[in-house]
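Fair warning: this is a prediction, and the values are worked out from it, not measured in the lab.
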Amino acid sequence: MDAYVVLFLVIVIICWACYRRKLEKAAYGIAALDIGLRLFDVISRNIGKNEVATFLAKWPNSLLSVADQYTKGIINVIISWMFVLLMLYFLFLIVRVFFKK
């Protein structure tokens with residue numbers, strides 16, 4: 001169920017970025033969502049066994065784990081490479097801002 005929420009958020013981010021016609025907004029939004037999911041994973045593994053850890057453990061580990069869960073074969077490879085390219089673009093944006101200031 002939680003993976004459906006993550007998929008819905010990805011679709012909303014992509015649609016919003018297409019509406020605004022800014023690839024940068026999509027890169028920032030998807031990267032922020034992926035970083036948040038990874039933080040949830042680290043917190044749930046290191047916090048111990050309580051209600052918060054149980055709640056956070058239900059969420060997927062990352063966006064790639066959601067793609068692995070719902071796709072197989074060549075579609076999974078295409079989505080994975082699209083994600084890698086988007087993260088490289090995000091890294092480029094972050095480095096560009098870092099050296100600008």
Side-chain angles (χ1 to χ4, degrees):
M1 177 65 182
D2 295 325
Y4 291 121
V5 173
V6 171
L7 287 174
F8 176 74
L9 288 174
V10 168
I11 291 170
V12 167
I13 290 170
I14 290 171
C15 290
W16 180 70
C18 289
Y19 174 72
R20 294 293 210 170
R21 293 190 174 115
K22 298 278 187 179
L23 182 61
E24 293 176 3
K25 304 256 186 216
Y28 282 125
I30 291 174
L33 183 63
D34 189 58
I35 291 168
L37 289 174
R38 290 175 190 263
L39 284 173
F40 284 171
D41 181 49
V42 169
I43 291 169
S44 69
R45 283 189 282 126
N46 293 324
I47 201 169
K49 299 294 179 189
N50 59 18
E51 293 81 20
V52 175
T54 305
F55 172 75
L56 292 178
K58 291 189 289 187
W59 289 89
N61 298 340
S62 69
L63 290 178
L64 283 178
S65 68
V66 174
D68 290 340
Q69 184 176 358
Y70 290 106
T71 61
K72 300 286 184 231
I74 192 72
I75 300 296
N76 189 4
V77 172
I78 291 170
I79 290 173
S80 298
W81 278 106
M82 286 174 49
F83 182 76
V84 167
L85 292 175
L86 189 70
M87 289 297 115
L88 286 173
Y89 181 64
F90 174 71
L91 181 63
F92 167 75
L93 291 173
I94 295 295
V95 169
R96 186 179 71 179
V97 167
F98 178 71
F99 283 117
K100 224 181 225 188
K101 304 223 176 198

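A continuous path of hydrophobic side-chain contacts links Phe90 to Val97 [ILVMFWY only; heavy atoms under 4.5 Å]. Residues Val77 and Met82 do not share a hydrophobic cluster, defined by chaining ILVMFWY side chains whose heavy atoms lie under 4.5 Å apart. Cluster annotation: Ile78 and Val66 are assigned to distinct hydrophobic clusters (Ile/Leu/Val/Met/Phe/Trp/Tyr, side-chain heavy-atom contacts under 4.5 Å, transitive). Residues Ile75 and Trp81 do not share a hydrophobic cluster, defined by chaining ILVMFWY side chains whose heavy atoms lie under 4.5 Å apart.
Taking CG of Leu33 as the reference point, atom OG of Ser62 lies at 10.0 Å (rounded to 0.5 Å). Atom CD1 in Ile79 sits 11.0 Å away from atom CD1 in Ile74 (nearest 0.5 Å). Residue Leu88 holds its CG atom at 6.0 Å from CG of Leu85, rounded to the nearest 0.5 Å.
With Leu37 as the partner, the side-chain contact (heavy atoms from CB on, under 4.5 Å) test is satisfied by one option alone out of Leu64, Leu63, Asn61: Leu63.
Put simply, the side chain of Asp41 reaches to within 4.5 Å of the side chain of Arg45, judged on heavy atoms.
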